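What you are looking at is a predicted structure, and each value in this text was computed from that prediction instead of being measured.
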Amino acid sequence: MYTYMKGMLYCLYCKKETEHTIVYEGDMIKKIKCAECGTELEIDKEKAKKNYTEDFINRIFTKPQRMTEELQQDLTTFLLSLPIRIVTKPYRVLEEVKEQIDKIRKKDI
């Protein structure tokens with residue numbers, strides 16, 4: 001099922017804010033079309049999934065470095081937040097993964 005919405009967005013081709021038609025497939029953007037110049041931007045679901053997966057893996061691999069930077073910037077805040085983060089992080093990651101799986105399942109139905 002597609003949902004159509006109109007909105008004012010900046011068009012890269014017109015180089016100004018113009019009316020666009022935004023087409024949703026479920027709760028995901030399928031394509032965006034400029035009403036003035038007709039330029040369409042289509043969203044490829046498979047590429048979007050791939051990019052999300054790459055981003056997620058990158059965040060996992062860079063976590064130790066980001067935590068080290070936090071530690072160096074403010075030791076007290078880091079140490080005070082660590083116990084809570086250790087407990088909540090697995091839950092937050094699980095929720096993010098479940099949310100993405102639910103979105104994929106809804107699209108495939």
Side-chain angles (χ1 to χ4, degrees):
M1 180 176 91
Y2 294 109
T3 306
Y4 299 85
M5 293 182 67
K6 300 270 185 199
M8 296 299 287
L9 299 171
Y10 183 82
C11 179
L12 296 173
Y13 297 93
C14 296
K15 303 232 186 289
K16 62 181 178 179
E17 195 171 290
T18 60
E19 184 175 280
H20 285 71
T21 301
I22 305 160
V23 180
Y24 286 88
E25 185 178 8
D27 62 348
M28 300 279 288
I29 295 174
K30 175 77 174 154
K31 66 181 173 180
I32 302 170
K33 183 176 182 179
C34 177
E36 194 159 315
C37 70
T39 299
E40 276 189 21
L41 171 67
E42 190 153 345
I43 310 299
D44 183 338
K45 188 164 93 172
E46 291 307 312
K47 284 184 181 177
K49 280 191 234 178
K50 182 178 181 266
N51 289 340
Y52 175 78
T53 304
E54 288 174 0
D55 175 61
F56 186 74
I57 290 169
N58 186 47
R59 286 178 16 226
I60 289 170
F61 285 133
T62 61
K63 187 64 172 176
Q65 177 187 352
R66 290 182 286 131
M67 289 182 75
T68 301
E69 290 170 2
E70 285 181 45
L71 177 69
Q72 292 169 342
Q73 288 174 1
D74 189 351
L75 178 63
T76 304
T77 302
F78 178 80
L79 291 176
L80 289 174
S81 70
L82 194 58
I84 293 168
R85 291 165 73 178
I86 289 171
V87 171
T88 62
K89 189 59 163 181
Y91 174 76
R92 288 183 286 144
V93 169
L94 180 62
E95 287 301 309
E96 186 176 344
V97 169
K98 282 164 87 177
E99 182 180 304
Q100 293 305 313
I101 290 170
D102 287 345
K103 284 181 182 179
I104 292 167
R105 282 185 183 155
K106 286 178 186 176
K107 300 292 179 235
D108 293 339
I109 291 177

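Linking Ile, Leu, Val, Met, Phe, Trp and Tyr residues whenever their side-chain heavy atoms come within less than 4.5 Å places Leu75 and Leu82 in a single cluster. Hydrophobic clustering of Ile, Leu, Val, Met, Phe, Trp and Tyr side chains at less than 4.5 Å, counting indirect connections, keeps Ile29 apart from Tyr2.
Looking only at side-chain heavy atoms (C-beta outward), Met67 and Phe78 come within less than 4.5 Å of each other.
Within the model, atoms CZ of Arg66 and CD of Glu69 stand 9.0 Å from one another, a figure rounded to the nearest 0.5 Å. Remark: Ile57 CD1 to Thr62 OG1 distance equals 12.0 Å, nearest 0.5 Å.
Here Ile84 sits alone; no ILVMFWY side chain lies under 4.5 Å from its own, so it joins no hydrophobic cluster.
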Show which side-chain atoms of residues 3-14 pair as donor or acceptor with protein atoms under 3.5 Å away, not counting sequence neighbours.
from	atom 1	to	atom 2	distance (Å)
Lys6	NZ	Thr21	OG1	3.0

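Contact record, Glu96 with Phe56: OE2-CD1, 3.9 Å, taken as the closest heavy-atom pair.
Lys98 pairs by the side chain to side chain contact (heavy atoms under 4.5 Å, CB included) definition with Leu94, Glu95, not counting sequence neighbours. Remark: Thr77 engages Asp74 in a side chain to side chain contact (heavy atoms under 4.5 Å, CB included) (not counting sequence neighbours). For Glu70, the salt bridge (charged side-chain N to carboxylate O under 4.0 Å, His left out) criterion is met by Arg85, not counting sequence neighbours.
Residue pairs meeting the side-chain hydrogen bond (donor to acceptor under 3.5 Å, both in side chains) criterion with at least one partner in residues 31-43, sequence neighbours excluded, are Lys16-Glu36.
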